[in-house]
S.K.: 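Sharing a structure here in structure tokens format.
Basis for what follows: all heavy atoms, side chains included, without hydrogens, waters or symmetry-related copies. The sequence lines fix the lettering, A, B, ..., with proteins before strands; numbering per chain opens at 1.
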Amino acid sequence: MTVRTRFAPSPTGYLHVGGARTALFSYLFARKHGGQFVLRIEDTDLERSTAESVNAILEGMTWLGLDYDEGPFYQTQRFDRYNAVIDALLAKGLAYRCVCSKERLEKLREDQMAQRLKPRYDGHCRGHEVDPNTPHVIRFKNPADGVVVVDDMIRGRVVFANAELDDLVIRRSDGAPTYNLSVVVDDADMGITHVIRGDDHLNNTPRQINILRALGHEPPRYAHVPMILGDDGARLSKRHGAVSVIAYRDQGYLPEALLNYLVRLGWSHGDQELFSLEEMITLFEIGDVNKAASAFNTDKLDWLNQQYLHHADPARIARLLSPHMGRLDIDPATGPDLIEVVKAQAARAKTLTELAEISAFFYRDFETFDEASAKKHLRLVAREGLERLRAAFELMAYEDWTLEGLKHVVEAIAEELGTNMGKVAQPLRVAIVGRAASPGIDETLRLVGKDATLRRIDKALAYIAARGVNESS
RNA sequence: GCUCCCUUCGUCUAGCGGUUAGGACGCUGGCCUCUCACGCCGGUAACAGGGGUUCGAACCCCCUAGGGAGCGCCA
């Protein structure tokens, strides 16, 4: 039997991290076992499903690289099939028409709650003959007694008493099938062998198994993965912390970093923290997934992203960085090779957005000096060093503007002044970068170029001069 | 309310009857160093509580507490 898993989101919003992790686990399980991964869009809720959501989900899947072998299938295109199944259930006496009014159902519920009972449908219409022409819903005849055992790959053996379950609606009065029915039919029709989904569905599972059995199918294996909590441990919701995976992309996270973060949330392999997709596929074990919910921790995601930024192919990072530079109104073609900039800066940023911000100075003059940096380094005592550096740089030919040449000049000036590198390099750095942090001074100068270097030193000298006047007065 | 599920450092986790309870992020001390990062070395901090079982419990059982999910003509 070949393994077949599926990811079945309902298109009522974007793809958030919880859904992405469920999709990842399903994907990994299928790949690990040489099976297939199916994408199915559960859009039976016509009110809330939108085409934008479908697109957002597909875009998220693509960005993460969770490629599926079949689909996307849309449940709205399979209504005929669901209705045929429902009719068959009706014909076999495994389902029945119900004409109970909303009012009756509400009262029933209230009474049960008042008696401290679990609200359940009481089977009022079970035995009744109903005229098919009057408005009605169709309910599944759930077994009255016995138990349903869910042998969950993550939770272990969970037992539900049929007496706790009621006769659920499988077709609405408007003729549309409900979730529990369509899921079951699809999973059976699509040959899904392993259902990996959020644990909010655990309570639905016995109902689905009962329907499956009524249909004459053996249930698939189930794995209910715990949900993801927000940074503060509270439930993730649209209002609170639940962000689209696309938002992570736009904030400058790498898909492999998010995937790595997600796979380690609720799962581990010894002390290993970094996993390539290939490693995930071979090492991931669904049975080792934790049972408890886990909190999303942005600090750790940031760390992972920095790791990947640092070690990924600079050419690729440069390509991904380009649009982030564009957002700062910088055209990378107007300055140093972006790949060189990435090599120099990659270890210094947590996200592509940050990488763009700290690299802007390579492409355009900064507006103002960082206050603290200027106050500390652009002082009267730094003036002579900057003047000497400027003079030396001006004499350098463009072809000598190299790492070695620049390093030699800065070191020579430091020696001339009888001081250390820091005393010379820091004022120079602030002059060139605008603040006190950058790659090595030689690399910084090389990438910034001779013209901008001279121009910015002049600006720094003017700053010192102006400040000197103020200080002495 | 009822049913089901969950509970190791702040967070992610290792542990599967005998460990100084390990690792990672964060925070923090130091080293490296022209700065910031990176890297390296060190520190900080946990078995929810109570009963059992056992020579011995983070690990097995029970209870309590806390958290979550479900109980829709939503998925």
S.K.: With respect to the phosphate group of B:rC73, does any side-chain polar atom (N or O) of A:S173 fall under 4.0 Å of OP1 or OP2?
M.R.: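 It does not, given that no N or O in the side chain of A:S173 lies less than 4.0 Å from OP1 or OP2 of B:rC73.
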
S.K.: Could you tell me if A:Y96 and A:D167 have a donor-acceptor pair between their side chains, going purely by distance under 3.5 Å?
M.R.: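 Distance-only check passes for A:D167 and A:Y96.
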
S.K.: Pairing check on B:rA46: which nucleotide meets the Watson-Crick or G-U wobble criteria with it, both distances under 3.5 Å?
M.R.: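 Answer to the pairing question: none, since B:rA46 forms no Watson-Crick or G-U pair.
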
S.K.: Centre-to-centre under 6.0 Å for A:W267 and A:F275, is that the case here?
M.R.: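 Aromatic pair counts; centres sit under 6.0 Å.
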
S.K.: Starting at the 5' end of RNA chain B, which residue's closest nucleotide do you reach first, A:G422 or A:D199?
M.R.: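 Whichever sits nearer the 5' end wins; that is A:G422.
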
S.K.: Report the distance from atom CG of A:N180 to atom P of B:rA75, rounded to the nearest whole Å.
M.R.: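 So the CG-P distance, A:N180 to B:rA75, works out to 9 Å.
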
S.K.: Looking at B:rA75, B:rU13, B:rA69, which one has an atom nearest to any side-chain atom of A:S268?
M.R.: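 Closest nucleotide among those given: B:rU13.
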
S.K.: For A:Y179 together with A:H201, are the ring centres under 6.0 Å from each other?
M.R.: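 Close enough - the centres of the two rings lie under 6.0 Å apart.
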
S.K.: Taking only side-chain N and O atoms of A:R109, does any of them lie within less than 4.0 angstrom of OP1 or OP2 on B:rG72?
M.R.: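 Answer yes for this pair, as a side-chain N or O of A:R109 is under 4.0 Å from OP1 or OP2.
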
S.K.: Can you check whether A:Y253 and A:Y261 have ring centres sitting under 6.0 Å from each other?
M.R.: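 Distance test on ring centres: not under 6.0 Å, no.
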
S.K.: Does B:rC73 have a Watson-Crick or wobble partner in any strand here, with both distances under 3.5 angstrom, and which is it?
M.R.: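 The answer is none; no pair meets the criterion.
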
S.K.: Which whole-number value in Å describes the distance from A:R348 CZ to B:rG39 P?
M.R.: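 Rounded to whole Å, this separation is 12 Å.
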
S.K.: Distance between the P atoms of B:rG26 and B:rC12, in whole angstroms?
M.R.: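 So the two P atoms sit 15 Å from each other.
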
S.K.: Side chains of A:E279 and A:Q272: any donor to acceptor distance under 3.5 Å?
M.R.: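 Per modelled atom types, A:Q272 and A:E279 side chains form a pair under 3.5 Å.
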
S.K.: Answer yes or no for A:K459 and A:F369: cation-pi contact, defined as NZ/CZ to six-membered ring centre under 6.0 Å and angle to ring axis within 45°.
M.R.: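 Positive - A:K459 is close enough to the ring of A:F369 and near enough to its axis.
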
S.K.: Provide, to the nearest angstrom, the distance between the CD atom belonging to A:E411 and the P atom belonging to B:rU33.
M.R.: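 The distance from CD of A:E411 to P of B:rU33 comes to 13 Å, rounded to the nearest Å.
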
S.K.: In whole Å, what separates the C1' atom of B:rG67 from that of B:rC55?
M.R.: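 B:rG67 and B:rC55 have their C1' atoms separated by 37 Å.
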
S.K.: In terms of side-chain heavy atoms of A:A425, which of B:rG1, B:rC34, B:rA75 is nearest?
M.R.: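 The listed nucleotide nearest to A:A425's side chain is B:rC34.
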
S.K.: Quick test of your reading of the model: are A:E384 and A:R388 salt-bridged, counting only N-O distances below 4.0 Å?
M.R.: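 A salt bridge links A:E384 with A:R388.
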
S.K.: Please measure how far the P atom in B:rG72 lies from the corresponding atom in B:rU3, and state the result in whole Å.
M.R.: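 My reading of the P atoms in B:rG72 and B:rU3 gives 16 Å.
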
S.K.: Could you please name the option among B:rA75, B:rU3, B:rC34 that lies closest to any side-chain atom of A:H201?
M.R.: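 Closest nucleotide to the A:H201 side chain: B:rA75.
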
S.K.: With respect to the side chain of A:A437, which nucleotide from B:rC73, B:rC34, B:rU35 is positioned closest?
M.R.: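 The answer is B:rU35, which lies nearest to the side chain.
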
S.K.: Applying a 4.0 Å non-hydrogen cut-off, can you work out what A:Q306 is touching in the nucleic acid: base, sugar-phosphate, or nothing?
M.R.: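 Since only primed, P, OP1 and OP2 atoms lie under 4.0 Å of A:Q306, the category is sugar-phosphate.
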
S.K.: If you only use heavy atoms from C-beta on, which nucleotide in B:rA75, B:rG68, B:rC34 is closest to the side chain of A:M227?
M.R.: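 Side chain of A:M227 sits closest to B:rG68.
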
S.K.: For B:rA37, does either OP1 or OP2 sit under 4.0 Å from a side-chain N or O belonging to A:Q307?
M.R.: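 Answer no for this pair, as no side-chain N or O of A:Q307 is under 4.0 Å from OP1 or OP2.
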
S.K.: Expressed as a whole number of Å, how far does the C1' atom of B:rA45 sit from that of B:rC40?
M.R.: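 Those two atoms are separated by 22 Å.
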
S.K.: Quick check for you: among B:rC73, B:rU3, B:rA75, whose closest atom lies nearest to any side-chain atom of A:T44?
M.R.: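 Side chain of A:T44 sits closest to B:rA75.
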
S.K.: Counting Watson-Crick and G-U wobble pairs only, both distances under 3.5 Å, name the nucleotide matched with B:rC9, or none.
M.R.: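 Its partner is none (no Watson-Crick or G-U wobble pair with both distances under 3.5 Å).
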
S.K.: Set out, line by line, the N/O atom pairs under 3.5 Å between protein and nucleotides 9-12 of chain B.
M.R.:
from: B:rC12; atom 1: OP1; to: A:A295; atom 2: N; distance (Å): 2.8
from: B:rC12; atom 1: O3'; to: A:G266; atom 2: N; distance (Å): 3.4
from: B:rC12; atom 1: O2'; to: A:R264; atom 2: O; distance (Å): 2.8

S.K.: So does A:N204 reach the base of B:rA75 with its side chain, donor to acceptor, closer than 3.5 Å?
M.R.: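 Per atom types, the contact qualifies.
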
S.K.: What integer number of Å spans the C1' atoms of B:rC47 and B:rA57?
M.R.: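 So the two C1' atoms sit 11 Å from each other.
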
S.K.: Rounded to the nearest angstrom, tell me the gap between atom CG in A:D200 and atom P in B:rG70.
M.R.: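 For the pair A:D200 CG and B:rG70 P, the rounded distance is 6 Å.
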
S.K.: How would you label the contact of A:P226 with the nucleic acid (heavy atoms, under 4.0 Å): base, sugar-phosphate, or nothing?
M.R.: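 Nothing, no heavy atom under 4.0 Å.
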
S.K.: Distance between the C1' atoms of B:rG42 and B:rG70, in whole angstroms?
M.R.: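 That atom pair is separated by 49 Å.
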
S.K.: Considering Watson-Crick and G-U wobble pairs with both distances under 3.5 Å, what does B:rC60 pair with?
M.R.: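 B:rG52 is the nucleotide pairing with B:rC60.
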
S.K.: Can you tell me how far C1' of B:rA37 sits from CD1 of A:I441, to the nearest Å?
M.R.: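 Nearest whole value for this atom pair: 15 Å.
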
S.K.: Respond yes when some side-chain nitrogen or oxygen of A:K291 is under 4.0 Å from OP1 or OP2 of B:rC6, and no when none is.
M.R.: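 Result: yes.
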
S.K.: So A:A436, base contact, sugar-phosphate only, or nothing? Heavy-atom distance under 4.0 Å.
M.R.: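 Contact class for A:A436: base.
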
S.K.: Rounded to whole Å, how long is the line connecting atom CZ of A:F361 with atom P of B:rC36?
M.R.: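 Whole-Å distance recorded here is 15 Å.
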
S.K.: Going through the checks in order, is the salt bridge (Lys or Arg N to Asp or Glu O under 4.0 Å) test met by A:R78 and A:D189?
M.R.: CA-CA 11 Å; A:R78 289 172 47 79; A:D189 285 358; 2.8 Å; yes

S.K.: My understanding is that a pair needs two contacts under 3.5 Å, Watson-Crick or G-U wobble. By that rule, which nucleotide pairs with B:rC40?
M.R.: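 Because both required distances fall under 3.5 Å, B:rC40 counts as paired with B:rG30.
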
S.K.: Side chain of A:L202 only, heavy atoms from C-beta on: which candidate in B:rC5, B:rC36, B:rG23 is closest?
M.R.: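 For the A:L202 side chain, the nearest candidate turns out to be B:rC5.
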
S.K.: Where the side chain of A:D299 is concerned, which of B:rG23, B:rC25, B:rA75 is the nearest nucleotide?
M.R.: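 Ranking B:rG23, B:rC25, B:rA75 by closest atom to the A:D299 side chain puts B:rC25 first.
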
S.K.: Please list, in numerical order, the residues of residues 135-158 of chain A that have a heavy atom closer than 4.0 Å to any atom of RNA chain B.
M.R.: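 Listed by number, they are A:V137, A:R155, A:V158.
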
S.K.: Do A:R429 and B:rC34 have a side chain to base donor-acceptor pair shorter than 3.5 Å?
M.R.: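 Answer yes: a donor N or O sits under 3.5 Å from an acceptor.
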
S.K.: Rounded to whole Å, please give me the gap between CD1 in A:I57 and P in B:rA75.
M.R.: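 That distance rounds to 14 Å.
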
S.K.: Nearest 0.5 Å, what's the CG-CG distance between A:L389 and A:L417?
M.R.: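 One finds 8.0 Å between CG of A:L389 and CG of A:L417.
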
S.K.: Can A:R139 be said to sit on top of A:Y121's aromatic six-ring, NZ or CZ under 6.0 Å from centre and within 45° of the ring axis?
M.R.: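 Yes, cation above the ring, under 6.0 Å and within 45°.
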
S.K.: Applying a 3.5 Å limit to both distances, which nucleotide forms a Watson-Crick or G-U wobble pair with B:rU35?
M.R.: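 Base partner found: none.
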
S.K.: Please check: side-chain N/O of A:R116 versus main-chain N/O of A:Q112, any donor-acceptor pairing under 3.5 Å?
M.R.: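 No: the side chain of A:R116 does not pair with the backbone of A:Q112.
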
S.K.: Quick one: CG on A:L165 to CZ on A:R207, what's the gap to the nearest 0.5 Å?
M.R.: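 So the CG of A:L165 and the CZ of A:R207 are separated by 4.5 Å.
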
S.K.: Can you measure A:L274 atom CG to B:rU13 atom C1' for me and round it to whole angstrom units?
M.R.: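 To the nearest whole Å, that distance equals 15 Å.
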
S.K.: Can you tell me how far C1' in B:rC59 sits from the matching atom in B:rA14, rounded to whole Å?
M.R.: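 These two C1' atoms come out 13 Å apart once rounded.
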
S.K.: Can you check the distance between B:rC2 and B:rA48, where both ends of the measurement are the P atom (answer in whole Å)?
M.R.: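 Straight-line distance between the two P atoms is 26 Å.
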
S.K.: Both distances under 3.5 Å, Watson-Crick or G-U wobble: report the partner of B:rC16, or none.
M.R.: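 Here B:rC16 is not engaged in any pair, so there is no nucleotide opposite it.
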
S.K.: Can you tell me which nucleotide in B:rG26, B:rA69, B:rU35 comes closest to the side chain of A:W303?
M.R.: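 Nucleotide nearest to A:W303's side chain: B:rG26.
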
